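Some notes on the structure that comes next.
Side chains are part of it too, since the values below use all heavy atoms of this structure and drop only hydrogens, waters and symmetry mates. None of the values given here were measured: they were computed from a predicted structure.
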Amino acid sequence: YKVNLVSVHGSMDKQVEAIVFDSRKMVENGAFVAVKGVQADGHAFIEKAILTGAMIVVCEDLPAKLVPQVTYVQVKDSSVALAHMAAIFTETHRRN
């Protein structure tokens, strides 16, 4: 699968410390992927993720209000984006 980008708002020149889809596990300088699940929609936790350190948000639906310092990457399917990001992140850190 390829990640279908819809739009990007903000700088893509950022290095993330972690990729998470559970806002309770967010770390400073992390990337939060808002996944629509069966029991909860990660989009409801975007604000919490930003308050706890997310500098990049990957989502299907953009929030009504965008925080200027945060980069928002809107995709067609955030589950697919999460899988690709995790694979790339793991491979990159394995080499270091």
Side-chain angles (χ1 to χ4, degrees):
Y1 295 119
K2 291 196 176 200
V3 176
N4 290 317
L5 288 176
V6 176
S7 66
V8 176
H9 302 268
S11 172
M12 291 294 286
D13 188 26
K14 295 181 178 181
Q15 186 171 349
V16 298
E17 298 298 321
I19 300 168
V20 301
F21 60 94
D22 182 339
S23 62
R24 296 170 294 185
K25 297 181 179 178
M26 181 49 60
V27 298
E28 195 67 33
N29 298 321
F32 177 69
V33 183
V35 177
K36 293 182 178 181
V38 175
Q39 295 184 346
D41 183 350
H43 291 76
F45 303 98
I46 290 174
E47 186 176 338
K48 179 181 178 189
I50 292 169
L51 290 173
T52 54
M55 66 175 178
I56 297 176
V57 172
V58 178
C59 55
E60 294 174 24
D61 305 313
L62 289 173
K65 182 181 176 194
L66 303 183
V67 177
Q69 306 90 311
V70 175
T71 298
Y72 296 86
V73 180
Q74 186 180 15
V75 296
K76 289 213 180 261
D77 187 329
S78 54
S79 294
V80 171
L82 175 61
H84 283 285
M85 291 171 66
I88 292 166
F89 189 81
T90 301
E91 184 60 30
T92 301
H93 282 77
R94 222 181 261 159
R95 284 188 239 148
N96 294 335

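D77 places none of its side-chain heavy atoms less than 4.5 Å from the side chain of N4. Residues C59 and L62 meet the side-chain proximity criterion, which asks for heavy atoms closer than 4.5 Å.
Cluster annotation: M26 is not connected to V58 through the hydrophobic network of ILVMFWY side chains, with a link wherever side-chain heavy atoms come within less than 4.5 Å. Follow the hydrophobic side-chain contacts under 4.5 Å out from V57 and you never reach M12; the two are in separate clusters. Using a 4.5 Å cut-off between side-chain heavy atoms of Ile, Leu, Val, Met, Phe, Trp and Tyr, with links allowed through other members, I19 and V8 fall into the same hydrophobic cluster. No single ILVMFWY cluster, assembled from side-chain heavy atoms under 4.5 Å apart, contains both V27 and V20. Cluster membership for L51 and I56, using ILVMFWY side-chain heavy atoms within less than 4.5 angstrom, is not shared.
The two residues A81 and V3 make their nearest non-hydrogen contact at CA-CG2, 3.7 Å. Listed here is the closest heavy atom pair of V33 and S78: CG1-O, 3.5 Å. Closest approach of V35 to F21, counting heavy atoms only: CG2-CB, 4.2 Å. Taking each heavy atom of Y72 and I50 in turn, the nearest pair found is OH-CD1, 3.4 Å. Nearest approach of A31 to V16, heavy atoms of both residues: CB-CG1, 3.9 Å.
A distance of 10.0 Å separates CZ of F32 from CG of L82, quoted to the nearest 0.5 Å. In this structure, CD on E17 lies 7.0 Å from CE on M55, to the nearest 0.5 angstrom.
Scanning for salt bridge (Lys or Arg N to Asp or Glu O under 4.0 Å) contacts around D61 gives K36, with sequence neighbours left out.
Under the 3.5 Å distance criterion, the side-chain polar atoms of H43 are matched with a main-chain donor or acceptor of E60.
By the neighbour-count criterion of 12 heavy atoms within 6.0 Å, atom NZ of K14 is densely surrounded, having more than that number from other residues, nucleotides or ligands.
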>> Show, in sequence, the C-alpha distance, side-chain angles and deciding distance for F45 and D22, and conclude whether the side chain to side chain contact (heavy atoms under 4.5 Å, CB included) test is met.
In response: CA-CA 8 Å; F45 303 98; D22 182 339; over 6 Å; no

